[in-house]
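Data first, discussion second: the structure below is written as structure tokens.
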2 protein chains.
Amino acid sequence: MTEQTTQRPPGLRERKKLKAMRHIQQVALDLFDRDGYAHVTIERMAAEAEVSPSSIYRYFGTKEMVVLWDEYDPIMLQAFDDRLRAKDPISALRDVLTEVVTTAMFEQDEEFLRRRMSYAMEEPSIRAAMSRQADETAVDLRRTIAKHTGRDPDGLELRVVTVALIAAFMEAIAYWHETGFRDPLQDIVAGALDVIERGLRVS
Amino acid sequence: MTEQTTQRPPGLRERKKLKAMRHIQQVALDLFDRDGYAHVTIERMAAEAEVSPSSIYRYFGTKEMVVLWDEYDPIMLQAFDDRLRAKDPISALRDVLTEVVTTAMFEQDEEFLRRRMSYAMEEPSIRAAMSRQADETAVDLRRTIAKHTGRDPDGLELRVVTVALIAAFMEAIAYWHETGFRDPLQDIVAGALDVIERGLRVS
DNA sequence: CCGGGAACTGCGAGCTACTCTCAGTTGACC
DNA sequence: GGTCAACTGAGAGTAGCTCGCAGTTCCCGG
């Protein structure tokens, strides 16, 4: 995510921070379930998680990011970059979005992911923050594609292709949520990408 | 936009309100130009426009909407609905987005539109609000399409098609802005929709 | 093993976007 | 022209978010 990943073995400091962040996120979601997102203040989250409000802002930046934050993004970008050597961009992205992401997500805790996504879809402010994040991801994505294929990273075509794919991915998540998480996310994502890839024959 | 449009000849009340909104928007943009979006408070806008802060919130809801608000949205939906009787959804949307919208927009004041779009693209919070608006438009859009074609309004395919088209449209605006408004918006929008319609042959 | 410096934490004060309520006013309609 | 609904402005209050400061904890070179 635009930011330089310090490629040094994580020390005690960083491990403590990550642990604290996961704990805060856990506690926050429990509070949201009880009282609703809007009625839980940062202050209460801080009290319940036994940290100071300042720390929550330092960790997450905004209240929305307490829900949205996770550790997948750099993993996904890396996986995409790797596959780009052997495959064309679309196939690589399909693979990453359908396989890598979903399996990486589910490794941790599928139920937890569903809870987070429910809030992300139902709370407009969180949804907006997610769009914003997606925009940044889209920029990284097309830079990476441009690097590997020599295409113009700022050309209209590449830009449109990228945002369309990201939008399809996000809509797949929305669909997953609205159908009560009935079908596997992988299948829905695959279906959504199919629609984009084959072009629009709707009538 | 989801809301019931009162189809009654606009009285003095409504005309005054619209006039006031346009005036506030004008004044606000001037202040933004001078001091930057973040440094202009609602209070200063209110003082400068000679209304109360309460009124600005009643009119626009949020600070971002002072920039984003305009009168095109219902016009666009109506135009789309009309064309849908004679054409397939994609062509109708192409027509509306490329012709109707751009001409309707330019009728008023192209320079003013550019200034608004500059803030919409450069201020992250405004951009997020714009995504949110686009989401709502997408819902209206696919409901309208479903009504005319009998397709499932909540099916994955229609959903993905719609958000992809909207995303392409927004990216066209972003591209227009980043290239210094060099080429006509119509052409860029047309190009963006082409990319989506023909499907993804990038490699 | 340790000492200096960097990074992180908690605290407090402060700003402003946004909400709600209430009293007063203005336009709509008969 | 009078009544009622809708709109306006004022004021108080909430909470997200920022900033600067003092104290603490970890990192790292010697």
Side-chain angles (χ1 to χ4, degrees), chain A residues 3-25 28 31-32 35-69 119 123-129 132, chain B residues 3-25 28 31-32 35-69 119 123-129 132:
Chain A
E3 153 193 336
Q4 203 64 267
T5 20
T6 331
Q7 212 60 315
R8 181 187 298 242
L12 174 57
R13 215 161 222 165
E14 192 146 356
R15 272 179 286 132
K16 270 178 87 172
K17 182 177 172 176
L18 279 179
K19 196 174 162 187
M21 288 177 81
R22 280 191 278 260
H23 179 232
I24 292 166
Q25 197 180 43
L31 288 176
F32 295 162
D35 300 338
Y37 178 77
H39 294 92
V40 177
T41 67
I42 297 277
E43 212 165 338
R44 272 214 35 227
M45 288 173 37
E48 201 82 12
E50 304 197 77
V51 294
S52 74
S54 318
S55 290
I56 296 189
Y57 283 115
R58 259 191 295 266
Y59 288 159
F60 299 100
T62 66
K63 187 180 176 184
E64 292 87 47
M65 283 307 289
V66 174
V67 176
L68 290 180
W69 172 84
Y119 286 110
E123 288 293 328
S125 66
I126 306 185
R127 199 163 175 156
R132 202 162 135 181
Chain B
E3 155 192 335
Q4 202 65 266
T5 22
T6 331
Q7 210 62 313
R8 180 187 296 244
L12 175 56
R13 213 160 224 168
E14 191 146 357
R15 272 180 286 134
K16 270 179 87 172
K17 181 177 174 178
L18 279 178
K19 196 175 164 187
M21 288 178 81
R22 279 191 278 259
H23 179 233
I24 292 166
Q25 198 180 42
L31 289 175
F32 295 162
D35 299 338
Y37 178 77
H39 295 91
V40 177
T41 67
I42 297 277
E43 212 165 339
R44 273 221 26 232
M45 290 172 37
E48 201 82 11
E50 306 197 79
V51 293
S52 74
S54 317
S55 290
I56 297 190
Y57 283 115
R58 257 191 296 265
Y59 288 160
F60 300 100
T62 67
K63 187 180 176 185
E64 292 87 44
M65 283 308 288
V66 174
V67 176
L68 291 180
W69 172 83
Y119 286 110
E123 289 294 328
S125 65
I126 306 186
R127 199 161 174 158
R132 201 161 135 179

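Lettering follows sequence order; numbering is per chain, from 1. What's counted below: heavy atoms across the whole structure, side chains too, no hydrogens, waters or symmetry copies.
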Please find the pair of heavy atoms, one from B:Pro53 and one from B:Ala46, that lie closest to each other, and give the distance.
N-CB, 3.6 Å
How many Å lie between CD on B:Glu64 and P on C:dA17, as a whole number?
10 Å
Please report, rounded to the nearest Å, how far the P atom of D:dA15 is from the CG atom of A:Leu31.
14 Å
Of the nucleotides D:dG9, D:dC17, C:dC18, which has the atom closest to the A:Thr62 side chain?
D:dC17
Atom pair distance, as rounded to whole Å: NE2 in B:His39 and P in C:dT16
10 Å
Rounded to whole Å, NZ of B:Lys17 lies from C1' of C:dT26 at a distance of 15 Å
Please give, in whole Å, the distance from C:dG12 P to A:Tyr57 OH?
16 Å
So which atom in A:Tyr37 and which in A:Lys63 form the shortest heavy-atom distance, rounded to 0.1 Å?
O-NZ, 3.0 Å
A:Lys19 atom NZ is separated from C:dC8 atom C1', nearest whole Å, by 17 Å
Record whether the side chain of B:Arg15 comes under 3.5 Å of the base of C:dG27 through a donor-acceptor pair of N or O atoms.
no
By the 4.0 Å heavy-atom rule, please label B:Tyr59 as base, sugar-phosphate, or nothing.
sugar-phosphate
In terms of the angle between their ring planes, are A:Tyr119 and A:Phe32 parallel, tilted or perpendicular, with boundaries placed at 30° and 60°?
perpendicular
Assign each of B:Lys16 and B:Val40 the nucleotide of DNA chain C bearing its closest heavy atom; nearer the 5' end lies the nucleotide of B:Val40
Taking A:Gln25 for the side chain and A:Val66 for the main chain, is one N or O donor matched with an acceptor at less than 3.5 Å?
yes
In whole angstroms, how far is the C1' atom of C:dA17 from the CZ atom of B:Arg44?
16 Å
On DNA chain C, does the nearest nucleotide to A:Arg13 precede the nearest nucleotide to B:Arg58 from the 5' side, or the other way round? Give the residue.
A:Arg13
Mapping B:Ser54 and A:Gly61 to their closest nucleotides on DNA chain D, which lands nearer the 5' end?
B:Ser54
Rounding to 0.5 Å, atoms CD1 (B:Ile42) and OG1 (B:Thr62) come to a distance of 8.0 Å
Whole Å only: how far is the NZ atom of A:Lys63 from the C1' atom of D:dA15?
8 Å
